[in-house]
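These notes concern the structure reproduced below.
In this text the structure is predicted, and so the values were computed from the model without any measurement.
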Amino acid sequence: MITFTEENYLKALLTLSTTKESDSRVGTNEIATRLNVKPATANDMLKRLKDKGFIEYEKYGKISLTSLGRERAVVVLRKHRLWETFLYEKLEFTWDEVHEVAEQLEHIQSEKLVDKLDKYLEYPEFDPHGDPIPKSDGSISALARLTLTDIDENNHCKIVAVKDTSVEFLQYVQQLGLGINSLVHVLSKQAYDLLTEIEIGGKRITVSQKIMDNIYVVCSHCESGKKCTNRKCNINI
């Protein structure tokens, strides 16, 4: 038997581990911050998860999911992102509203319901925030690793995901006119603080490095998620 809280920890561990480029292990403070709990509280729960065979872990050391833990985490994450997509596409929730409701729906245990939901949505690959939705076989598509910060002046890119999914961030970037699949032209960057002028939909705006660090992009021409050196890709949109 696994509790909702334990499922939340496993999902958070999987999410954190899949955003790392090298070492996929997660620290206690990382999981505590992610779930907004004290490190001591996280440590107690991690011990329980280890005793159940869901994680490999030594007190306040690095944490990794076992095959059993990853399997369970993928199921929860799959449900969460499918429900977010359903709420966004079919019930017209905004992208800053879907997370909280999906947090409740993700604990529904019916596998048949989840499979039918996936079919009803025509097997979406990404949720409203651009995060990959795990497939029924447990596989997860790779995340784009390029952020808006990585794009040089006079280059073009397309927004594919956001790193920060907090309500405040999502509402702010939406006010700026930025969203998934938005085409962006990087016009200029200030060397001192990296304040960057961009053009989107014919409108010029200035954004901070913090904003750019939290937006994942691909080359707008070849859709590469790595820094593109192909001169053909520096074309105008």
Below 4.5 Å, heavy atoms only, C-beta onward: do [X] and [Y] meet side chain to side chain?
{"X": "Thr85", "Y": "Phe126", "value": "no"}
{"X": "Glu30", "Y": "Lys62", "value": "yes"}
{"X": "Arg34", "Y": "Thr15", "value": "yes"}
{"X": "Thr196", "Y": "Glu153", "value": "no"}
{"X": "Thr3", "Y": "Arg48", "value": "yes"}
{"X": "Leu49", "Y": "Tyr57", "value": "no"}
{"X": "Tyr123", "Y": "Lys119", "value": "yes"}
{"X": "Leu105", "Y": "Phe86", "value": "no"}

If you round to the nearest 0.5 Å, how far is [atom2] of [Y] from [atom1] of [X]?
{"X": "Tyr216", "Y": "Asp150", "atom1": "OH", "atom2": "CG", "value": "10.5 Å"}
{"X": "Lys11", "Y": "Leu16", "atom1": "NZ", "atom2": "CG", "value": "11.0 Å"}
{"X": "Glu103", "Y": "Glu106", "atom1": "CD", "atom2": "CD", "value": "4.5 Å"}
{"X": "Cys157", "Y": "Ile198", "atom1": "SG", "atom2": "CD1", "value": "8.0 Å"}
{"X": "Leu178", "Y": "Ile159", "atom1": "CG", "atom2": "CD1", "value": "4.5 Å"}
{"X": "Asn29", "Y": "Lys38", "atom1": "CG", "atom2": "NZ", "value": "13.5 Å"}

Whether the side chain of [X] engages the backbone of [Y] through a donor-acceptor N/O pair (distance < 3.5 Å, no angle test) should be reported.
{"X": "Gln109", "Y": "His107", "value": "yes"}
{"X": "Lys52", "Y": "Gly69", "value": "no"}
{"X": "Thr147", "Y": "Ile215", "value": "no"}
{"X": "Ser17", "Y": "Leu13", "value": "yes"}
{"X": "Arg25", "Y": "Ser64", "value": "no"}
{"X": "Thr28", "Y": "Asn43", "value": "no"}
{"X": "His129", "Y": "Trp95", "value": "yes"}
{"X": "Lys79", "Y": "Val114", "value": "no"}
{"X": "Lys135", "Y": "Ser141", "value": "no"}
{"X": "Thr18", "Y": "Leu14", "value": "yes"}

Which atom pair, heavy atoms only, marks the closest approach of [X] to [Y]?
{"X": "Leu65", "Y": "Ala73", "answer": "CD1-CB, 4.4 Å"}
{"X": "Ile55", "Y": "Leu46", "answer": "CD1-O, 3.2 Å"}
{"X": "Leu176", "Y": "Val207", "answer": "CD1-CG1, 4.1 Å"}
{"X": "Thr66", "Y": "Gly53", "answer": "OG1-O, 2.6 Å"}
{"X": "Asp131", "Y": "Arg81", "answer": "CB-CZ, 3.5 Å"}
{"X": "Pro132", "Y": "Ile140", "answer": "CG-CG2, 3.8 Å"}

Stepwise side chain to side chain donor-acceptor pair (under 3.5 Å) check, Thr149 with Asp213: CA-CA 6 Å; Thr149 304; Asp213 284 345; 2.5 Å; yes
Counting only heavy atoms not in [X] (residues, nucleotides, ligands), do more than 12 fall under 6.0 Å from its [atom1]?
{"X": "Gln190", "atom1": "CD", "value": "no"}
{"X": "Gln171", "atom1": "CD", "value": "yes"}
{"X": "Tyr88", "atom1": "OH", "value": "no"}
{"X": "Asn36", "atom1": "CG", "value": "no"}

[X], [Y]: one ILVMFWY side-chain cluster at the under-4.5 Å cut-off?
{"X": "Leu195", "Y": "Met212", "value": "no"}
{"X": "Val75", "Y": "Leu77", "value": "no"}
{"X": "Leu187", "Y": "Ile151", "value": "no"}
{"X": "Leu170", "Y": "Leu91", "value": "yes"}
{"X": "Ile133", "Y": "Val76", "value": "no"}

Phe169 vs Asp96, side-chain contact (heavy atoms from CB on, under 4.5 Å): CA-CA, chis, key distance, verdict: CA-CA 9 Å; Phe169 179 79; Asp96 56 288; over 6 Å; no
Residue pair Val162, Asn214: steps toward the side-chain contact (heavy atoms from CB on, under 4.5 Å) verdict: CA-CA 6 Å; Val162 289; Asn214 280 286; over 6 Å; no
Lys90 vs Tyr120, side-chain contact (heavy atoms from CB on, under 4.5 Å): CA-CA, chis, key distance, verdict: CA-CA 10 Å; Lys90 304 301 181 181; Tyr120 175 66; 3.9 Å; yes
Stepwise salt bridge (Lys or Arg N to Asp or Glu O under 4.0 Å) test for Arg72 and Glu6: CA-CA 10 Å; Arg72 188 72 189 196; Glu6 289 169 342; over 6 Å; no
Single hit among Glu84, His99, Glu89, His80 for side-chain contact (heavy atoms from CB on, under 4.5 Å) with Asp127: Glu84
Polar side chain donor-acceptor pair, Thr41 to Asp44, under 3.5 angstrom: no
Distance-only polar pair, side chains of Asn154 and His185, donor-acceptor under 3.5 Å: yes
Check ion pair Asp115-Arg78 (N to O, under 4.0 angstrom): yes
Test side-chain contact (heavy atoms from CB on, under 4.5 Å) applied to Val37 and Tyr9, step by step: CA-CA 11 Å; Val37 298; Tyr9 269 76; 3.6 Å; yes
